[in-house]
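Report on the following structure.
Below, chains carry the letters A, B, ... as their sequence lines are ordered, and counting in each starts from 1. From a predicted model like this one, the values you see are computed outputs, not experimental measurements.
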Number of protein chains: 4
Amino acid sequence: MPKVTAEHRVARREQIVTAALTCVSEHGFHKTTMADVIRESGLSAGAVYGYFRSKDEIIAAIADQALGTVDDLFAEILSTEEPLTPAEAMRRVLVHVVAIAERPGGDITRIGLQAWAEAVHNPAIGAIAREKYKMLRGHYLRVVRRAQADGTVAADVDPEHVAQALFGLLPGFILQRLLLGDVTPESYSAGIDALFGSSTPQTT
Amino acid sequence: MPKVTAEHRVARREQIVTAALTCVSEHGFHKTTMADVIRESGLSAGAVYGYFRSKDEIIAAIADQALGTVDDLFAEILSTEEPLTPAEAMRRVLVHVVAIAERPGGDITRIGLQAWAEAVHNPAIGAIAREKYKMLRGHYLRVVRRAQADGTVAADVDPEHVAQALFGLLPGFILQRLLLGDVTPESYSAGIDALFGSSTPQTT
Amino acid sequence: MPKVTAEHRVARREQIVTAALTCVSEHGFHKTTMADVIRESGLSAGAVYGYFRSKDEIIAAIADQALGTVDDLFAEILSTEEPLTPAEAMRRVLVHVVAIAERPGGDITRIGLQAWAEAVHNPAIGAIAREKYKMLRGHYLRVVRRAQADGTVAADVDPEHVAQALFGLLPGFILQRLLLGDVTPESYSAGIDALFGSSTPQTT
Amino acid sequence: MPKVTAEHRVARREQIVTAALTCVSEHGFHKTTMADVIRESGLSAGAVYGYFRSKDEIIAAIADQALGTVDDLFAEILSTEEPLTPAEAMRRVLVHVVAIAERPGGDITRIGLQAWAEAVHNPAIGAIAREKYKMLRGHYLRVVRRAQADGTVAADVDPEHVAQALFGLLPGFILQRLLLGDVTPESYSAGIDALFGSSTPQTT
DNA sequence: AATGAATGAGACTTCATTCAT
DNA sequence: TATGAATGAAGTCTCATTCAT
């Protein structure tokens, strides 16, 4: 019965992570207690500890899942064959990020905020965040390269640097949306469009 | 002797906030214990609680001071008389933010990350963050308005939206710098310059 | 297994209350620390807090139990069918109160003293004390009514007032016993008998 | 300057005791902090500690003063030349106790309750309470002796025992007044009168 | 594997008291 | 003597984790 058990384990872990995600999205990593997760998951303390060695391990799993979800999203949006301008790529990402954030079961962008704060002090989360963020930015890198290929973006600039800046627009959107609540994909995209058309002295 | 006392109070509060800032920058809000702050401040438990009613009040003071420092910085850089292109404004901010972050006594941008995560769950921090972030973005708004006045940025776009996007570049820089460590004001600015010159379909 | 669990909870609560009663009887509400109760109960801090939310809740439980014990005693003594003169009722109560007070595990009358002092400032204890004392006095009220019926006590006096005075003899007994140590049920009863036979100008 | 200083000391001590009395009457011995007393007295911490070595010493002074006030009252009421029946003596005491209790600056009977509870555990308060209560009861003893002399009370009963019972009516009055709030000197006296005229089998 | 009562280290906070000025 | 900031021991309570059943 190894296979059944393996599937069972995966299902149980998912059940726990989902419960934890809900709790953490609402109260943050540190005000979420194991008792909260245990209650929300509908399991017993012993059961939860049968699938995760510690609270830190659950936190790592949440961060991994949350950032993984965003990675899947990016892969779907940005790996399309059609050429995307950087601005259009950003716009699509924003629309989908908001859509995912508004799904019931916990705002994934709030988990992101928690992960950022935790990553700086907690090596395990730091490693996960580093890995995932490199992947996320990698998707933008491909967009940038394509844009440089078709002349939308100056070709003599390190594409890594352009990807840094382009990807760098996302945390600011998430933050302003959660904190100030006055940004929308449309407003932010309009601002981006205006900026991207501004006649900036370019590196030649 | 009221004057001495008032000054004394302010000095002691600063002493405590400075100590707390160091601790929090290193370990985060929640892994920083009052014992840490007390030890670092060189005072006794009772003394600290004579100046702050609770740990939460100290956290609020840290957030306020950290974001206030950034506000001062923005005021100095962005309120200049000379016209600044958005890209140039951003570049100057990045340079100074890094300079401040590297000052001994705790990286202020790490406090920022903590504050973002806390603001979502802690109403007191949320209020402070909202207030300060509106001010910060307001500085960019003035830059944008000036840029629209001299034609650097399209005039038919809501300047608030442009400010959202421009200001929105900062969190992404801070995050990538702390998490990935591979962005510098120079690299990020190069990327911004490339993007801002890209021919994006503009709202007409 | 709900039945076992429910019984278990009750048993544990009793275990804690019993331990607390011992401590409080010896040191009073305020000099009894949770550490004392925890040690005396033989449980851990966490276990105790699993059954009572706070020290105040334990104090309330003690007061409730102590005054409840006295109520049971009164019910047994005073609700007899045989007609009791007020003096005889008092005598029996005194004898049994002393008997209970001298049982090992803590003098219940000392808990009473604590409860009196606490009831005035602590609303929770105040509510308990009020409720229980009304019940206790109610038992005397029945004695008085019967005495008025058979002519032992003047019938034209408000029985509530007579119950106030009769019941009012008890705190003075308890207090003198604990404080001065020179009263016994016998001495006090002898005094009562002498007073009750004194020719007082009666309401006619 | 010894005399001025001595008077000064006494005045200051009274000032502190008065402040403490107000606090304790409202919040009890243990919830009254030295900070409360210091604030209420209008002095500084150092000053208060210049007149009292410790909080316990202040508590002792309060208890002493409160019970002393009652003693003065008893002396005035009960040491009159005119013969008083026990019931009449009690009635006069109740009236005056309530009058004193209702004076502004703290209900002295609430201090009494605190003192009873404290006396059992705190040797210093115990000693004061014992001394004062013996004096208080002594006043009743004189009333009883006079009543026995003129035949109002049976002469063959130990007057100490009668004094125990008679004095024993007072705590019950105070307690019911503070706790239940439904007793008055009139209601209680009416009850006493009814009881004292009841035909109790007397020791012959 | 599951349960959930129990554990106990450690967090935050208070407050009686002291002492440099 | 007076001040009041400072002290630090001690108190209440939480919560991640374990283990007997």
What is the separation between atom [atom1] on [X] and atom [atom2] on [N], rounded to the nearest whole Å?
X	N	atom1	atom2	answer
Q15(B)	dA6(F)	CD	C1'	12 Å
D36(C)	dA10(F)	CG	C1'	12 Å
H27(B)	dG10(E)	NE2	C1'	16 Å
F29(D)	dC15(E)	CZ	P	17 Å
Y51(B)	dC12(E)	OH	P	21 Å

Taking C-beta and beyond as the side chain, do R12(B) and Q15(B) meet within less than 4.5 Å on heavy atoms?
yes
Using a 4.0 Å cut-off on protein heavy atoms (strictly under), produce a 5'-to-3' string for nucleotides 12-21 of chain F with B for base contact, S for backbone-only sugar-phosphate contact, and - for none.
SBBBSBB---
R12(A) side chain N/O closer than 4.0 Å to the phosphate oxygens (OP1, OP2) of dA1(E)?
no
Looking at A66(C), is its backbone amide N or carbonyl O close enough to the side chain of K132(C) to form a donor-acceptor pair, meaning the two atoms are under 3.5 Å apart?
no
Closer than 3.5 angstrom, by distance alone: can the side chain of Q114(A) be matched with the main-chain N or O of A117(B) as a donor-acceptor pair?
yes
Classify L43(A) by what it touches in the nucleic acid, base, sugar-phosphate, or nothing, heavy-atom distance under 4.0 Å.
nothing
For DNA chain F, list all stems, counting runs of three or more consecutive pairs where every pair is Watson-Crick or G-U wobble with both distances under 3.5 Å.
E:2-21 with F:2-21
On a heavy-atom basis, the closest approach of I16(A) and V48(A) is CD1-CA, 4.0 Å
W116(D) versus L179(C), closest heavy-atom pair with distance:
O-CD1, 4.5 Å
Among residues at least two apart in sequence or on other chains, which ones pass ring-ring contact (aromatic ring centres under 6.0 Å, His included) with H121(B)?
none
Can you classify the ring geometry of H30(D) versus H30(C) as parallel (below 30°), tilted (30 to 60°) or perpendicular (above 60°)?
parallel
Y51(A) and H8(A) aromatic ring geometry - parallel, tilted or perpendicular at 30°/60° bounds
perpendicular
Atom P, compared across dT21(F) and dA1(E): separation rounded to whole Å:
22 Å
Using only heavy-atom distances, determine whether the side chains of T109(B) and D107(B) contain a donor-acceptor pair under 3.5 Å.
yes
